[in-house]
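Just below is one structure, and these are the notes that go with it.
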Amino acid sequence: MSGVEAAELLKAIVPLLRIRPVIEDSCKFGGNWQSLHAPNGRGWAQFHMVTRGACVVERPGLGSQRLEAGDILLLPHGDSHLLRSRTGGGLAQISSEVRNGVRQRSTVDARVDTELLCGRFLFETAEENPLIAVLPDEVVLHTEGQPVLERFRRLLIDIRDELDAGRAGSEMVAADLARALFVMMLRDHLTNTAPADGTVSLLQDRTTARVVLALLDDLSRDWTLDEMAAVAICSRASLVRAFRKAAGTAPMTFLSDLRLTTARKRLAGTSDSIAEIASEVGYASEGALSKAIMRKYGVRPGALRMAENGP
């Protein structure tokens with residue numbers, strides 16, 4: 001994505017963000033280990049910073065990838081996921097205790113070779129802000145040997161210290177620092193990664209942006225091309241041309257893709273039932289959504305979420 005596109009997306013999203021940070025875990029793991037993270041629910045993002053060693057992250061239905069020291073994983077939609085060691089074998093026991101409000105987790109009787117700092121962000125305006133839906137599914141920053149790693153680490157430490165101190169205004173300061181950290185992560189990701197779809201381009205054009213925001217705000221509606229054109233204040237033909245120019249797709253095709261993308265995010269990031277999600281994204285039944293997901297992603301809806309009870 002170009003710097004201009006990234007700036008436009010951030011300009012639209014950032015003023016609407018109120019972020020509450022939670023620094024949860026300081027992990028020191030060794031041997032063969034795994035840590036399951038259940039979906040967090042709407043409005044929650046999760047992050048993991050690998051400060052030493054390496055590990056593997058698995059997301060249901062989306063495969064796995066390796067994270068190295070200096071890598072930061074951000075899941076803006078709170079997807080369920082599994083962090084694990086690179087090797088197999090018997091699982092090491094993990095002990096935990098809370099110190100200064102942060103859970104200290106470590107493997108028992110195993111030499112430490114991997115360390116992580118983990119936490120969450122709560123978007124307090126998520127329900128009112130449809131633009132949250134267009135954030136990328138996953139952000140992975142590779143910062144090994146770069147000054148930005150130390151900047152991120154210092155911000156996380158400052159956030160933790162503010163939350164621990166409990167001084168007057170600490171929550172406000174921590175929230176502002178978390179907002180800055182989140183924006184820095186998004187900025188670095190967006191300016192160095194090609195967009196996965198044309199949503200950002202559509203948001204940059206006034207005509208198509210009206211339609212995208214309306215769709216995001218009411219996906220359950222049985223939209224027609226005439227209704228979209230009315231929202232855009234243009235003719236059907238003009239709307240089709242605008243969509244094809246900005247994103248290379250037709251409005252109704254974009255709507256179908258948007259519904260399925262949103263459903264996948266909800267499946268991975270919440271414990272809402274498939275039937276509830278189907279209704280909210282505009283499918284007549286759970287079966288209809290299941291068939292559509294199988295066609296697009298090649299897996300059943302259940303494969304897009306992990307067990308809800310993890311460490």
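Residue indices begin at 1 and follow the sequence shown.
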May I ask you to decide if Glu68's main-chain N or O and Asp71's side chain share a donor-acceptor pair within less than 3.5 Å?
-> yes

Do any N or O atoms from the side chain of Glu227 and from the backbone of Thr224 form a donor-acceptor pair under 3.5 angstrom?
-> yes

List the steps and the verdict of side-chain contact (heavy atoms from CB on, under 4.5 Å) for Leu117 and Asp25.
-> CA-CA 6 Å; Leu117 185 61; Asp25 298 326; over 6 Å; no

Cut-off 3.5 Å, side chains only: do [X] and [Y] have a donor facing an acceptor?
| X | Y | value |
| --- | --- | --- |
| Gln65 | Glu138 | yes |
| Tyr297 | Arg264 | yes |
| Ser235 | Ser238 | yes |
| Ser35 | Arg105 | yes |
| Asp218 | Ser220 | yes |

Give me the atom names and distance for the closest heavy-atom approach of [X] to [Y].
| X | Y | answer |
| --- | --- | --- |
| Gly30 | Thr107 | N-OG1, 2.8 Å |
| Ala54 | Thr114 | O-OG1, 3.1 Å |
| Pro76 | Asp137 | CD-O, 3.4 Å |

Parallel, tilted or perpendicular: which fits the ring planes of His48 and His37, with parallel below 30° and perpendicular above 60°?
-> perpendicular

Salt bridge check: are [X] and [Y] linked by an N-O gap of less than 4.0 Å?
| X | Y | value |
| --- | --- | --- |
| Asp113 | Arg52 | no |
| Arg236 | Asp226 | yes |
| Arg103 | Glu24 | no |

Mind checking whether Phe123 and Phe182 have ring centres under 6.0 Å apart?
->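 Ring centroids of Phe123 and Phe182 are less than 6.0 Å from each other.
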
Does Val56 belong to the same Ile/Leu/Val/Met/Phe/Trp/Tyr cluster as Leu74, with side-chain heavy atoms less than 4.5 Å apart forming each link?
-> no

